[in-house]
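First the structure, in the form of structure tokens, and then the observations on it.
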Amino acid sequence: MSSLHSSIHSFNIKKMSAEYKFSSIEKKWQKFWEENQTFKAEVNHAKPKYYVLDMFPYPSGAGLHVGHPLGYIASDIVARYKRLRGFNVLHPMGFDSFGLPAEQYAIQTGQHPALTTEQNITRYIEQLKNIGFSFDWSKEVRTSNPDYYKWTQWIFMQLFNSWYNKDTDKAENISTLTAKFEANGTNGVNAVCDEDCIPFSVEEWNAKSEEDQYKLLLKYRLTFLDYSVVNWCPALGTVLANDEVKDGVSERGGYPVEQKKMRQWSMRITAYADRLLNGLDEIDWAESLKEQQRNWIGRSQGASVRFKIADVKSTDDTSEIEVFTTRVDTIYGVSFMVIAPEHELVEQLTTPEQKETVDAYVKWAKSRSELDRMSEVKTVSGAFTGSYVINPLNEEKVPIFLADYVLAGYGTGAVMGVPSGDQRDWNFATHFNLPIVPILDAQADIEKQADNTKEGKYINSGIINGMTYKKATETLINWLEEKSVGKGKVQYRIRNAVFSRQRYWGEPVPVYFKPDSNGEPLPYLINESDLPLELPAIDKYLPTETGEPPLGRAENWKYQDQYEYELSTMPGWAGSSWYWYRYMDAKNEQEFASKEAVDYWKAIDLYIGGSEHATGHLLYSRFWNKFLKDLGYVQEEEFAKKLINQGMIQGRSNFVYRLKNADTPTFVSYNLRKDYEVVALHVDVNIVDNDILDVEAFKSSRNDIGENPEFILENGKYVCGAEVEKMSKSKFNVVNPDTIVEKYGADTLRLYEMFLGPLEQFKPWNTNGISGSHNFLRKVWRLFFDDQNGNFKVKDEQPTPEELKVLHSTIRKMEEELERYSFNTVVSTLMICVNELSALKCHKKAILQDLVILLSPYTPHFAEELWEALGNAAGSVSFAAFPVFNSAYLVEASFDYPISINGKVRTNLSFAADAPPSDIEAGVLANEVVQKWLEGKTPKKIIVVPKRIVNVVL
RNA sequence: GCCGAAGUGGUGGAACUGGUAGACACGCAGGACUUAAAAUCCUGUGAGCCGAAACGCUCGUAUGGGUUCGAUUCCCAUCUUCGGUACCA
């Protein structure tokens, strides 16, 4: 535990000056906390635990800007508040330090990414420590450290060694699957596996070689090799991130990019689809975020139907195309079939006459990203294959088209086209002159647009004619199952997660390849004792000449000196999918965290981070957590009980307006710009105060504006324009927290960031308002110290009822507001409290001591200083007891009712707090203002809402 | 395109479950103190109308409709901005 009774900082009132000297105060307490390890959190069964976590940052080269600490300040306030409430708080910080930017920088400069990452982290820590967070730095983690990624690799190995048993609804060790195969073959096995798994008997299993058995098991493991589509850039010889592709070409160099299938590691997250969906009901996350996850998982109930291909050319050919539909009831309206351009049957289905068209279309589709393909709905594109399928219900022949709105990786890569019921199908049918068949009598105007109604009775629909939706669906599914041409099916939108990256700066995959009897490489895990598998040194951070990932450059990098390692690395989300457990026991060399620590800290009680992680990090983390639970390593089904999405802080850019066609560079002030022809240019916000440009600083800061630029001023000032944009270097609107801390102090920064607005909301940063927060602290200071001579003026006097009322209404509001994480209104509440105490000239210890505790989560250095001044043990405000609210101080004898006439407030009247509505009615009617509005009439109704409002209805 | 969110004074925002719209700040204006400035303190500040003033009236929470005694809050439609869209983290 931290030392609460340290007396190394003896306090001397005489040294205090009139001013609030934030700089020395903050340094003093930061040093104190560090030396005393005040916030070190250890397992302590005597106290209830509270785990509050921030999404850890990626340490970028640009350092922190004022937007980054927003969430950390909020979580720190909660951490400090919970300590005051008697909780044992775990509040750690670390770094998600693998990633593309460091690698990009390495490619440009040749510097090892570990080196730049280290430098960036050092800078981040410096900046974070400057803000006075109560982090337990002894638990810091970095995902790129081998002693961390050892355990990321270890989890990968557990996934490789596991399969998903749908009967027990959890992951199990692969050995339980082997045991089942040995006993009964696939009979009675209900496993999640690759699509091409076929059933086999015990005899067939036993007849297989060990090698074939091993190959077969690969189809069941929770991490497995599979083909997935990537952005392949032939010119760069590498796979590009979606971010690195703009308009179909690489962002760097502008080389063409194509969609290519590549064999990669995947994670079988689909096995957990239902649990990921159902678990959402048990966690306190924003409903909008849960909705995003639900939609991402995309459970849909429907049917799969197999359509026979007409006139199959040879017996070798596949003779069916399977589709999934959520509207099997519309099957009689099918007038075409669409398959993805990547569909495996494209070649087989294309007739010689159509070959040229189809080839051209496939080539074009390859150049388009998935996002382009999904977004483009205005123009219809597609190509006829020349072949047909037969609708199993009515034996009708319908043409097969390719169209890029069908994605190969989604469902079966084929859809049935029902133009009367689906707008995109309708557009497609209209474009290609295909029939539009009405199927429900309730469908209206289908010659103008599709109508997806489920109302009415079926027409033109064979066996379901005259039925309604529910009955028709049942009938059709029964029919399909009876005839073995389809079945009822639940389908998910979520796909298995691709886990390979053709990059250097990520966790190596702990896998090596050994040739099988045919010389084909087979993947095997390395021995657990060989973990961590460290990143080897390479000469440059580029793919090899033969197109292998950068790890292919490592010399003599072989497992047991003979086997090829896997050359791809893990994705960014690997290290972040379990890190909250590592914080519990960050230095453990035997386990990812001790059982004792995991059992004590359990799940995160409050997790703060951006909503942009909704379907990435937050879904993968839930997946890995469930997996670790299945294997018995952790207890919790959900890793974060409560989650708040903090909104981003945007930049506020300033502009100057430069005259076009002027000989000398000339800048015109904002409000005069309309009279000239001007170009707006970004100007560094740090030389603009309240939208007034520091002209001299501007002149000397730029070398592109000539020797003597001219300025057209208004009222002797140059006024800048302003706009809200993303905070970024290129927009000259980045504000560094260090600058603010230097000028106003960390406590002011913390207060102001919270005061800016609701945590969840996106809002622009504008340094202008910060003086209000700073003045507030100085105002508090003046309650303690005389602003003339610096004398300590707190007295041991009895507080008045009025002062107690101010204090206790503040305590109550603060509790309520923190309870609902309304961090901004707490600041207003504290301001109102101080305004009122100042007006009352209250300098009483009994009141001010509690006020200091209330302030301490927001402005910890400031609070420690005043706490010590009040005569308390140095550094102990962090563990003081939060003041107990006493409602007795707030009892009011009367209530001031707003009196409204037809909903508009016309006057106010005071009634006893417990006055019965009848008395209030009588009083209201007697009032002269009300009389005036009544104009002698009797009101229709009088609504009295006790302790709220009275409304007289005329 | 699809999924999710936001839109309130000159600015950031407040109004918690439908009950006085604009709390608290910034900015601006005026005043006190000062040789002066800073700091501090006081007053005013949504738009408009009437008026000497007090009082009062009308409009007003992106836009257009609706529900209700009463709507920033609930419902429908539209517009704009932002996040995600499976290899940014």
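All values below were derived from every heavy atom in this structure, side-chain atoms included, with hydrogens, water molecules and symmetry-related copies excluded. Just so we're on the same page: letters track the sequence lines, and every chain starts at 1.
- Taking 3.5 Å as the limit, the base of B/C16 and the side chain of A/Glu817 contain no donor-acceptor pair of atoms between them.
- Nucleic acid contact for A/Gln292: base, since at least one base atom lies under 4.0 Å from a heavy atom of the residue.
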Item to complete: Decide salt bridge (charged side-chain N to carboxylate O under 4.0 Å, His left out) for A/Glu816 and A/Lys813; before the verdict, give the C-alpha distance in whole Å, the side-chain angles of both, and the deciding distance to 0.1 Å.
Response: CA-CA 5 Å; A/Glu816 283 172 0; A/Lys813 278 196 90 177; over 6 Å; no
Worksheet item: When Watson-Crick pairs (N1 to N3 and N6-O4 or O6-N4) and G-U wobble pairs (N1-O2 and O6-N3) count only below 3.5 Å on both distances, what is the dot-bracket string of RNA chain B, with | for other-strand pairs?
Response: (((((((..(((......[....)))((((((.......))))))((((......))))..(((((..]....))))))))))))....
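- Applying the side-chain contact (heavy atoms from CB on, under 4.5 Å) rule to A/Pro57 yields the partners A/Tyr72, A/Met93, A/Phe95, A/Tyr124; only residues at least two apart in sequence or on another chain are considered.
- Closest to the side chain of A/Asn908, from the set B/G4, B/U20, B/C87, is B/U20.
- A/Phe755 comes within contact range of at least one nucleobase, with a heavy-atom separation under 4.0 Å.
- Two residues are said to be in side-chain contact when any heavy atoms from C-beta on lie closer than 4.5 Å; A/Tyr20 and A/Leu777 meet this criterion.
- The listed nucleotides are B/C88, B/A15, B/G4; the one nearest the side chain of A/Asn295 is B/G4.
- Distances were taken from every side-chain heavy atom of A/Leu100 (C-beta onward) to each of B/G1, B/C87, B/C88; the shortest belongs to B/C88.
- If you measure from atom CG of A/Leu280 to atom C1' of B/G4, you get 14 Å, rounded to the nearest angstrom.
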Worksheet item: When you check every protein heavy atom under 4.0 Å of nucleotides 61-74 of chain B, what one-letter string (B, S, -) results, 5' to 3'?
Response: --------BS----
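- Checked against A/Asn231 for a side-chain contact (heavy atoms from CB on, under 4.5 Å), the options A/Thr238, A/Asp243, A/Val245 give a single hit: A/Val245.
- Contacts of A/His613 with the nucleic acid, taken as non-hydrogen atoms under 4.0 Å apart, include base atoms.
- In B/G9 the base sits syn relative to the sugar, since the glycosidic angle is no further than 90° from 0.
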Can you pull every protein N or O that's under 3.5 Å from an N or O on nucleotides 47-49 of chain B?
none

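- Judged by distance alone with a 3.5 Å cut-off, no donor-acceptor contact links the side chain of A/Glu103 to the base of B/C88.
- Using a 4.0 Å heavy-atom cutoff across all strands shown, A/Glu819 reaches no nucleic acid atom at all.
- Using a 4.0 Å heavy-atom criterion, one finds that A/Trp296 contacts the bases of the nucleic acid, with or without backbone contacts as well.
- Here A/Ile770 lies out of heavy-atom contact (under 4.0 Å) with every strand.
- Side-chain atoms of A/Pro898 lie closest to B/U20 of the nucleotides B/U20, B/G84, B/C87.
- Within 4.0 Å of A/Gln761, counting heavy atoms only, lie sugar-phosphate atoms of the nucleic acid but no base atom.
- Place A/Ser375 and A/Ser500 on RNA chain B by their nearest nucleotides, and A/Ser375 ends up nearer the 5' end.
- In this structure A/Ser838 satisfies the side-chain contact (heavy atoms from CB on, under 4.5 Å) test together with A/Lys779, A/Leu783, A/Val834, sequence neighbours excluded.
- Note on A/Met831: only backbone sugar-phosphate atoms sit closer than 4.0 angstrom, heavy atoms only; bases stay farther off.
- Of the candidates B/U11, B/C26, B/C87, B/C87 carries the atom nearest the A/Val498 side chain, counting heavy atoms from C-beta on.
- At a threshold of 4.0 angstrom between heavy atoms, the contacts of A/Ser771 are confined to the sugar-phosphate backbone, with no base atom among them.
- If you check B/C87, B/C3, B/C24 against the side chain of A/Ser828, the one that comes closest is B/C24.
- Within residues 721-728 of chain A, the residues that place at least one heavy atom under 4.0 Å from RNA chain B are, in residue-number order, A/Lys726.
- The ring pair (Phe, Tyr, Trp, His ring centres under 6.0 Å) test applied to A/Phe56 returns A/Tyr579, not counting sequence neighbours.
- Residue A/Pro101 has its side chain nearest to B/C88 when only B/C88, B/C24, B/A5 are considered.
- Nucleic acid contact for A/Pro758: sugar-phosphate only, since backbone atoms but no base atoms lie under 4.0 Å from a heavy atom of the residue.
- Residue A/Val230 is classed as a base contact, given a heavy-atom separation below 4.0 Å to a base.
- Contact record, A/Ala574 with A/Phe499: CB-CZ, 3.7 Å, taken as the closest heavy-atom pair.
- Atom CZ of A/Arg252 is separated from atom C1' of B/C88 by 13 Å (rounded to the nearest Å).
- Here the side chain of A/Leu371 is nearest to one of B/U85, B/G4, B/C16, namely B/U85.
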Item to complete: Heavy atoms under 4.0 Å is the rule here; annotate nucleotides 37-46 of chain B 5' to 3' with B where the base is hit, S where only the sugar-phosphate is, and - elsewhere.
Response: --SSS-----
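- Under a cutoff of 6.0 Å and an axis angle of 45°, A/Arg493 and A/Trp296 form a cation-pi pair.
- Contacts between residues 832-839 of chain A and RNA chain B, defined by a heavy-atom separation below 4.0 Å, involve A/Ile832, A/Asn835, listed by number.
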Worksheet item: What does nucleotides 76-81 of chain B look like as a protein-contact string, B for base, S for sugar-phosphate only, - for none, at under 4.0 angstrom between heavy atoms?
Response: ------
N/O-N/O pairs, protein side and nucleotides 54-59 of chain B side, under 3.5 Å:
residue	atom	partner	partner atom	Å
B/C57	OP1	A/Arg906	NH1	3.0
B/U58	OP2	A/Arg906	NH1	3.2
B/C59	OP2	A/Lys904	NZ	3.0

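- Every residue two or more places apart in sequence or in another chain that forms a ring pair (Phe, Tyr, Trp, His ring centres under 6.0 Å) with A/Tyr620 is listed here: A/Trp573.
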